[in-house]
Amino acid sequence: MQTAGPTSWVGRNDSDIAIADRYRLLIDAVRDYAIFMLEPAGYVASWNPGAQRIKGYSSDEIVGQHFSVFYTPDDIASGKPKYLLEVAALHGRIEDEGWRVRKDGSRFWANVVITAVRDDQGSLVGFAKITRDLTERRRLEELEHAHAASALVQQARENEQRRIARELHDDLGQRIAALKMALSIHGAELENALPTQLHAELEAIAQIGAQIDALAVAVRRVAADLRPTMLDDLGLEAALEWLAEDFESRYGVSVKCRLKVSEPDLGAFATTALFRVVQEALTNVARHAHAHRVTIELENDAKLCRLRISDDGVGFDPRSASRPDAFGLIGMRERILQLGGLLTVEGRPGAGVTISADIRLPVDIHPALASTGR
Ligand SMILES: Nc1ncnc2c1ncn2[C@@H]1O[C@H](COP(=O)(O)OP(=O)(O)O)[C@@H](O)[C@H]1O
Ligand SMILES: [Mg+2]
């Protein structure tokens, strides 16, 4: 097939190359569009390299065949190819988007324009058909859709967790506190009234009191894991510091925070996401790293937000295939993607792990999320 560049014919006069040939060369040079002619009844009359590239047939294989071979069985059954030609003949042109079939049976998402071609007398001589492969664009659109949907699910989960956290804290927490108080009051009265031989019983009651205290702490901790009220009350910087201190005291790993956060620039959605990413990263350090030290760095200005969490633990190779149920890193990546940012995981066996996220501000969040706040 000829792929003459424009310089090979521009500048020559019409006697060198007929106008029709120029068009032929032009069409043959096009790779990104399938451009071909159909006879009035729909049989393929010409073919270009773009058509070969997109649809897989060579010119020899397809010229003379009916163009319905490009359509899915469903479309053929519903008479779509014929219908498209009828409308093009009636109105001059028709545009369509849909699945088309390549020679090898694979499908691609096509944008198709069919234009009726008439001679000087107005009789139909055929159709010009231009097809573009939009599969990649459609895949990106679907991906964007999926991100938006998963952002909504994430948001719904956050809301639900916040509700449960409030219930736990306000209801269960208060009940436990009241129980403890009642036990203490009755215990104190008994202590004064009881003969000394029953003081062992009193000791047992005191033990129950201590267990109730531990229960209260556990409930508060579960509530805080679900939804750190600190994030609402004191903001991201304080909430991260609290997370770091809590982590230090729970796991004996030293955590250093370098935080310079401007919450108004980040917005509520990003604030929650960043908190969750740090929380998950610390959970991973506790579970996998055997680290001595962790550093959390977060800073932002009006244009950019940078987050880094690094540990000095055993490390791992992020390129190695991960377990199918390992959703921690996937979840972090997803949260940062929803903010239009990028999360990278650097690590080597024996050399710790660094998780970095760069987010451009202001965050362009899905309209459905804009109203839900945190
Ligand atoms: N800080 C870290 N240090 C060492 N290994 C890590 C660290 N973070 C993650 N990993 C490795 O990456 C894997 C995937 O992590 P993740 O997606 O959070 O799943 P999970 O924590 O449930 O295993 C972990 O199983 C672990 O092998
Ligand atoms: Mg994990």
Side-chain angles (χ1 to χ4, degrees), residues 143 146-158 160-162 164-165 218 221-228 230-231 236-237 239-259 261 269-299 305-359:
L143 214 62
H147 282 316
S150 95
L152 282 169
V153 171
Q154 198 93 264
Q155 185 67 45
R157 234 181 58 193
E158 287 288 345
E160 183 59 8
Q161 287 189 352
R162 183 154 49 148
I164 298 171
R221 183 158 279 173
V222 171
D225 277 350
L226 281 169
R227 176 71 209 173
M230 292 226 167
L231 199 53
L236 181 60
E237 212 171 289
L240 288 177
E241 265 154 17
W242 166 81
L243 199 62
E245 276 167 32
D246 183 58
F247 184 81
E248 263 184 353
S249 66
R250 273 204 229 185
Y251 300 105
V253 178
S254 125
V255 185
K256 191 183 220 159
C257 288
R258 278 200 285 270
L259 312 172
V261 178
F269 190 60
T271 303
T272 308
L274 289 166
F275 182 85
R276 290 296 186 203
V277 168
V278 174
Q279 199 173 32
E280 174 58 29
L282 288 179
T283 304
N284 274 351
V285 171
R287 284 179 67 188
H288 310 296
H290 306 289
H292 295 103
R293 259 180 294 276
V294 181
T295 312
I296 304 170
E297 292 161 278
L298 176 64
E299 59 174 356
C305 170
R306 282 225 153 104
L307 171 68
R308 259 164 86 94
I309 307 127
S310 42
D311 68 68
D312 64 351
V314 296
F316 77 114
D317 181 0
R319 286 162 308 176
S320 65
S322 58
R323 295 193 334 270
D325 64 334
F327 289 120
L329 292 173
I330 296 171
M332 283 189 231
R333 190 160 279 139
E334 186 68 16
R335 281 187 187 274
I336 298 300
L337 265 177
Q338 281 161 8
L339 303 174
L342 202 68
L343 183 120
T344 52
V345 181
E346 289 164 76
R348 255 185 311 131
V353 170
T354 298
I355 292 180
S356 325
D358 281 338
I359 301 153

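Just so it is clear, the model here is predicted, and its values are computed rather than measured. Atoms within a ligand are numbered from 1 in the order they appear, just like the ligands themselves.
What sits closest to atom 25 (O) of ligand 1 on the protein, heavy atoms only, is R323 NH1, 3.2 Å. At the top of the distance list for atom 17 (O) of ligand 1, counting protein heavy atoms only, stands L329 N, 2.8 Å. Annotation: atom 5 (N) of ligand 1 to nearest protein heavy atom, F316 CD2, 3.4 Å. The nearest heavy-atom contact from the protein to atom 19 (O) of ligand 1 is A326 CB, 3.2 Å.
Side-chain contact check for R276 and Q279: at least one donor-acceptor pair (N or O, by modelled atom type) lies under 3.5 Å.
Residue contacts with ligand 1: G315 is included, with a non-hydrogen atom under 4.0 Å away.
Classification of E245 and K256 as a salt-bridged pair fails, no side-chain N sitting under 4.0 Å from a carboxylate O.
In this structure the side chain of R335 never reaches within 4.5 angstrom of the side chain of L339, judged on heavy atoms. Using a 4.5 Å heavy-atom threshold, the side chains of T272 and E158 count as touching.
Every residue two or more places apart in sequence or in another chain that forms a side chain to side chain donor-acceptor pair (under 3.5 Å) with E160 is listed here: R163. Qualifying side chain to side chain donor-acceptor pair (under 3.5 Å) partners for T295, counting only residues two or more places apart in sequence or in other chains: none. For F247, the ring pair (Phe, Tyr, Trp, His ring centres under 6.0 Å) criterion is met by Y251, not counting sequence neighbours.
With atom 20 (P) of ligand 1 as the reference point, the heavy atom nearest to it among H288, E280, M332 is part of H288. Between D311, I355, T354, N284, it is D311 that holds the heavy atom closest to atom 1 (N) of ligand 1.
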Worked verdict on R258 versus E297 for salt bridge (Lys or Arg N to Asp or Glu O under 4.0 Å): CA-CA 5 Å; R258 278 200 285 270; E297 292 161 278; 3.5 Å; yes
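A donor-acceptor distance shorter than 3.5 angstrom exists from the side chain of E248 to the backbone of V255, with no hydrogens or angles considered. A distance-only check finds no donor-acceptor pair linking the side chain of D312 to the backbone of A291 [under 3.5 Å].
For the Mg ion (ligand 2), the count of nearby protein N/O/S atoms, taking only those under 2.8 Å, is 2.
For V353, every heavy-atom contact with ligand 1 shorter than 4.0 Å involves the side chain, none the backbone.
Checked by distance only, ligand 1 and I330 stay at 3.5 Å or farther apart across all their nitrogen or oxygen atoms.
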